[in-house]
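Here's the structure we're looking at; comments come further down.
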Amino acid sequence: MQPWQWPEKHWRGVVDRVRAGRRLRPPAWKDGARCAIALSFDCDHETNELRDGGSSIGRLSWGQYGSLIGIPRILNVLHRHDVRATFFVPGVIATLYPDEQRRIVGEGHELAMHGWIHEIASVLPVDAERELMLRTADALEKASGERPVGLRAPSFEIGPNTLALAREMGVRHDSSLMAHEDCYEILLDGQPSGIVELPVDWVRDDGAYLWTERFGGLRPYTHPSQVFDIFRRELDAAFDEGGLFQLIMHPHVIGYRSRIGILEDIIKHARARGPVWFATHGEITDWACRTGS
Ligand SMILES: [Zn+2]
C-alpha cells in the first residue's frame, strides 16, 4: 500500500508513536537565572568511520584528533569559564578512551549514551538494540564510575523501540528530538513516558555548517563568524523568552584553532547578557521536572 492509500488509523498511528507531551518551562531557572544553557558535545571520534563498516586510516585519524586535540581544548575552555556540559559518548569510544571519560566526569561534566558504535537505531531489531544499549551503559559506567541516565541517538535517529528500551533502563532524559524549543515530556503511544526531552535542532549543530566529507562532496560552507552569529541569535531569543538554549558540538568539528573561539564567544556572550545557568542535561531535567508546568 502506498502512503497516499493509508487509512487515517494507520497514518495517525505513525504520527502518534512518539509525540511532545507536557511542556516543561519553569517560571525561573536555578538561582533566578533568565535562561538555561545546555552545551553538549557528541564524542563520535572514530565511530563515524566504524559505524559504516569503514576502515579508512585517514578518517580514523580525524576521529583520533577529536580525542587528542578536540576534547582537551574544549575541556580547557569549559574549565576556564567554570561551565558544566554534557558529553554524549558511544560505548566503543568509552572503551577506547577510558581516561578521557574519567577526566570529563572528574571535571564535573555529565557522560551520556550515544549508541554503541554510532549505529543507526531505527534499523535495529529490538533485541539487538536492547543489548547494545546495555553494553553502552556498562562501558560508560566502567570508564567513569557513573551509570548514565541520558541518551542522544546517533544522527538523531530514534528507532521505534529506542525510547521504550530507554525507559526500561531507567533513562531520564533524551536529546535527539525536535518538536519544541523548551524541555518537554515525551509521549509514547499517547502515554507520558517519564523521559524528558531537551530538544535539538540542526540549526544549533556545528556539524550542519562545518562538516567535511571528502568523497561525498560535503564541505564547510559557513564562516566561523557566521556560525557564531546563528548560535548567538538562538541564544539571545532563548534569553529574551526565559527559555532553554541547547547547543550540539563535536570535538572533531569545533576543536580546531579557527573554531574553538565560537564556543568561548558563546559563553562570554551569554554571561554578558545577564544571569544565565550553564548546566548539564541531567541538572536541567531535574530542575524542569521539579518546577515545570
Ligand atoms: Zn554522533
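Both ligands and their constituent atoms are indexed starting at 1 by order of listing. Along the sequence shown, residues carry numbers from 1. When reading the values below, keep in mind they use all heavy atoms of this one structure, side chains included, and skip hydrogens, waters and symmetry mates.
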_If the threshold is 4.0 Å, N to carboxylate O, is there a salt bridge linking Glu283 and Arg84?_
yes
_Closer than 2.8 Å to the Zn ion (ligand 1) - protein N, O or S atoms, ordered by chain and residue number_ = Asp44 OD1, Asp44 OD2, His114 NE2, His118 NE2
*Do Glu46 and Tyr97 have side-chain N/O donor and acceptor atoms under 3.5 Å apart?*
yes
What pairs of donor and acceptor atoms, side-chain ones from residues 152-166 against any protein atom, are under 3.5 angstrom apart with sequence neighbours left out?
from, atom 1, to, atom 2, distance (Å)
Arg152, NE, Ser175, O, 2.6
Arg152, NH1, Ser40, OG, 3.0
Arg152, NH1, Asp42, OD1, 2.6
Arg152, NH2, Ser40, OG, 3.2
Arg152, NH2, Ser175, OG, 2.8
Ser155, OG, Arg51, NH1, 3.3
Ser155, OG, Arg51, NH2, 3.2
Glu157, OE1, Ser122, OG, 3.3
Thr162, OG1, Glu129, OE2, 2.6
Thr162, OG1, Gly159, N, 2.7
Thr162, OG1, Gly159, O, 3.4

*Quick one: salt bridge (charged side-chain N to carboxylate O under 4.0 Å, His left out) partners of Asp201, sequence neighbours excluded?*
none
*Go through the structure and list residues passing salt bridge (charged side-chain N to carboxylate O under 4.0 Å, His left out) with Arg271, not counting sequence neighbours.*
none
_Close side-chain approach of Leu177 and Val18, heavy atoms under 4.5 Å_ = yes
